[in-house]
Q: 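Provided herewith is a single structure, encoded as structure tokens, for subsequent inquiry.
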Amino acid sequence: MDAEEFRRRGMEMVDYVANYLENIEQRPVYPDVEPGYLRSLIPTEAPLEPDNYDDIIKDVDRVIMPGVTHWHSPYFFAYFPAATSYPALLADMLCGAIGCIGFSWAASPACTELETVMLDWLGKMLNLPEHFIAGTHGHGGGVIQSTASEATLVTLLAARCKAVRRVQASNPEKSEAEILSKLVAYTSEQAHCSVERASLIGGAMIKKVPTDNNYAVGGDMFKKMLEEDKAAGLIPFYFCATLGTTASCAFDRITELGPICNKENIWMHIDAAYAGSAFICPEFRPLLNGIEFADSFNFNPHKWLLINFDCSTMWVKKREDLIGAFKMEPLYLKHENQESGKKRFRSLKMWFVFRMYGIQGLHCRWFKRFDNNPGYCKSKQHELYVFLPSCQGSNRLNELLLKRITKSREIHLVPCQLSGRFVLRFAICARTTDSRHIQQAWRHITQLTFEILQEPNH
Ligand SMILES: *Cc1c(COP(=O)(O)O)cnc(C)c1O
């Protein structure tokens, strides 16, 4: 493909994408295919001779689209939102074209510098404490990660490194292996599974703190565990708090947890992957109170903030903690203006989106749309649009209902576990979802429930 053909095909692709997104509502949100469906539709080997572009595009419709779960359909209520917007898509294209690999400042100065500045912009939108802002002289700052899971892993590893150094400083006779075997991390029993996985990868023990009636962790429970573990000779080193848990959007009480962590030299990381975007709105910002105690904080603009995957933003209080834990300096990376490793030019997406919408445009673009919508019941901690219908039936009914919903392919939901119950979970995801879609979804769920209840052997 030469530049001339690229120009033509590029226009066609933009058209294809705009049509796809504009008419996505007409597609069944969930695909009607069985596992392994794709293999039989394409050859078993890559083509020896070049294929023709038109055939490739035809195959997108024949092979790919039938197997796509349409995350941007207004009837998609599963998992969590995946953000998208036209400015972000355009910026992504430019990112691909520049195609730099920004592992150091010299590898592409604009890539490294824009990322730092964009994380400052966003940090200021969230009104983060000053120590998270890099500015020109700050010790903290932000960096883009691919996922929240990665941010948790990176901070856990940095915390582990810091803890080993701290213990060794006062007990030089202790070996690293000995210290590592005593380290213990904590998180809520409602935390995302990636926290436990990070501890597995990091080779550190992890304990799950029980939650209260609102599925949140408070200071008391944590303190109790901490005292027991310290008495048993363990070394607490890391706590991952969640603001907006995946199952029910619960908020751990970081104003209670933070001071405990600070006092005990425990690294407090805050995972706000889902809910974090809301904190740019002044009315939701109080949910972030206590952030001043955190060593690191992460959320995913690729969930709610109009920036398409991947863009997970992470801030640390002390950059040195991260850089120090992972420092590698082969000669080919040495440069007098050394900076920590950055990757793709993902900050372009942030820059385009922030400028095209402005802070005001981003404020509550979505957050307010569903207030006073009669179709669902929301409880206090679920104000950020993960809804657990209060009218839930037995586990058996819910499981059956979910099967029917999935089979109908009109809307898409996933369940969650709460206090041993199988609960249907309804998350507002697509940018284009409005009250009409929610009411339609609710009618659909009610209708299916009614049908099940009418069945003789129910
Ligand atoms: C979505 C979510 C995650 C996982 O995010 P990834 O970026 O996919 O790793 C982790 N924690 C919470 C609270 C989430 O909502």
Side-chain angles (χ1 to χ4, degrees), residues 69 71 76-84 88 122 126 142-157 185-202 206 208-209 211 214-217 238-254 257 268-279 284 287-288 290-291 294 296-315 343-344 346 349-350 366-367 381-388 413-418 423 425-430:
T69 301
W71 281 59
F76 183 90
F77 304 108
Y79 316 108
F80 41 74
T84 190
L122 186 53
L126 292 163
V143 64
I144 302 177
Q145 305 287 326
S146 300
T147 62
S149 312
E150 199 177 304
T152 304
L153 175 62
V154 166
T155 53
L156 181 129
L157 294 177
Y186 301 85
T187 195
S188 155
E189 60 182 2
Q190 288 287 327
H192 191 263
C193 59
S194 54
V195 185
E196 188 169 358
R197 195 177 309 127
S199 79
L200 280 176
I201 298 171
I206 189 158
K208 295 188 184 168
V209 188
T211 54
N214 291 325
Y215 305 107
V217 172
Y238 181 80
F239 183 90
C240 177
T242 312
L243 294 182
T245 57
T246 309
S248 68
C249 209
F251 290 80
D252 289 342
R253 295 200 291 276
I254 55 172
L257 297 161
M268 181 161 83
H269 175 65
I270 295 178
D271 171 10
Y274 171 72
S277 302
F279 305 151
F284 289 116
L287 291 167
L288 189 58
I291 178 71
S296 52
F297 166 68
N298 167 257
F299 82 98
N300 288 349
H302 70 231
K303 281 185 170 167
W304 250 11
L305 212 56
L306 303 176
I307 300 165
N308 57 303
F309 187 78
D310 54 343
C311 182
S312 180
T313 44
M314 177 178 92
W315 290 262
K343 307 266 170 48
R344 274 180 301 122
R346 291 174 286 201
K349 294 188 286 193
M350 301 174 75
W366 327 37
F367 309 126
Q381 79 268 29
H382 307 139
E383 60 195 284
L384 288 171
Y385 307 115
V386 176
F387 301 109
L388 307 170
L413 294 185
V414 292
C416 68
Q417 274 282 343
L418 282 174
V423 171
R425 175 183 172 283
F426 191 89
I428 310 286
C429 292

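Just so you know, ligand 1 is whichever comes first in the structure, and atom 1 is the first atom listed for that ligand.
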Q: Side chain or backbone, does N300 bring an N or O within less than 3.5 Å of an N or O on ligand 1?
A: yes

Q: Heavy atom of S312 under 4.0 Å from ligand 1?
A: no

Q: Considering non-hydrogen atoms of the protein only, which is the closest contact for atom 10 (C) of ligand 1, and what is the distance?
A: H192 CG, 3.3 Å

Q: Evaluate the side-chain proximity of T69 to F76: yes if any heavy-atom separation is below 4.5 Å, no if none is.
A: yes

Q: Checking N298 against S312: is there a side-chain donor and acceptor pair closer than 3.5 Å?
A: yes

Q: Relative to each other, are the rings of H269 and Y238 parallel, tilted or perpendicular (30° and 60° limits)?
A: parallel

Q: Which heavy atom of the protein is the closest neighbour of atom 6 (P) of ligand 1, given with residue, atom name and distance?
A: A148 N, 3.5 Å

Q: Has ligand 1 got any nitrogen or oxygen that is less than 3.5 angstrom from a nitrogen or oxygen of T245?
A: no

Q: Exactly one of T187, N214, V217, V209 should register a side chain to side chain contact (heavy atoms under 4.5 Å, CB included) with D252. Which one does?
A: V217

Q: Would you mind listing which atoms of ligand 1 come within a distance below 4.0 Å of any non-hydrogen atom of A273?
A: 2 (C), 3 (C), 10 (C), 11 (N), 12 (C), 14 (C), 15 (O)

Q: Side chains of K349 and L305: closer than 4.5 Å at any heavy-atom pair?
A: no

Q: Could you tell me if R346 and S146 have a donor-acceptor pair between their side chains, going purely by distance under 3.5 Å?
A: yes

Q: Would you mind telling me if ligand 1 is within reach of the side chain of Y274, the backbone, both or neither, using heavy atoms under 4.0 Å?
A: both

Q: Check ligand 1 against F80 and write out every atom of the ligand that is under 4.0 Å from a heavy-atom position of the residue.
A: 1 (C)

Q: Any idea which protein heavy atom is nearest atom 11 (N) of ligand 1, and the distance to it?
A: D271 OD2, 2.6 Å

Q: Among protein heavy atoms, which sits nearest to atom 9 (O) of ligand 1, and what does the distance come to when rounded to 0.1 Å?
A: S149 OG, 2.5 Å

Q: Numbering the atoms of ligand 1 from 1, which are under 4.0 Å from a heavy atom of G244?
A: 13 (C)

Q: Can you find a pair of side-chain heavy atoms, one from T246 and one from C416, that are under 4.5 Å apart?
A: no

Q: Consider ligand 1: state whether an atom of it lies below 4.0 angstrom from any non-hydrogen atom of E150.
A: no

Q: Taking side chain as C-beta onward, heavy atoms only, is L287 less than 4.5 Å from L243?
A: no

Q: Do the rings of Y274 and W304 sit parallel, tilted or perpendicular, given the 30° and 60° boundaries?
A: tilted

Q: Roughly how far, to the nearest 0.5 Å, is the CG atom of L122 from the CE atom of M350?
A: 4.5 Å

Q: Could you tell me whether K303 approaches ligand 1 through its side chain, its backbone, both or neither, with non-hydrogen atoms closer than 4.0 Å?
A: side chain

Q: Is the contact between T242 and ligand 1 made by the side chain, the backbone, both, or neither, using heavy atoms and a 4.0 Å cut-off?
A: side chain

Q: Which of the atoms in ligand 1, numbered in the order shown and given with their element, are less than 4.0 Å from a heavy-atom of T246?
A: 12 (C), 13 (C), 14 (C), 15 (O)

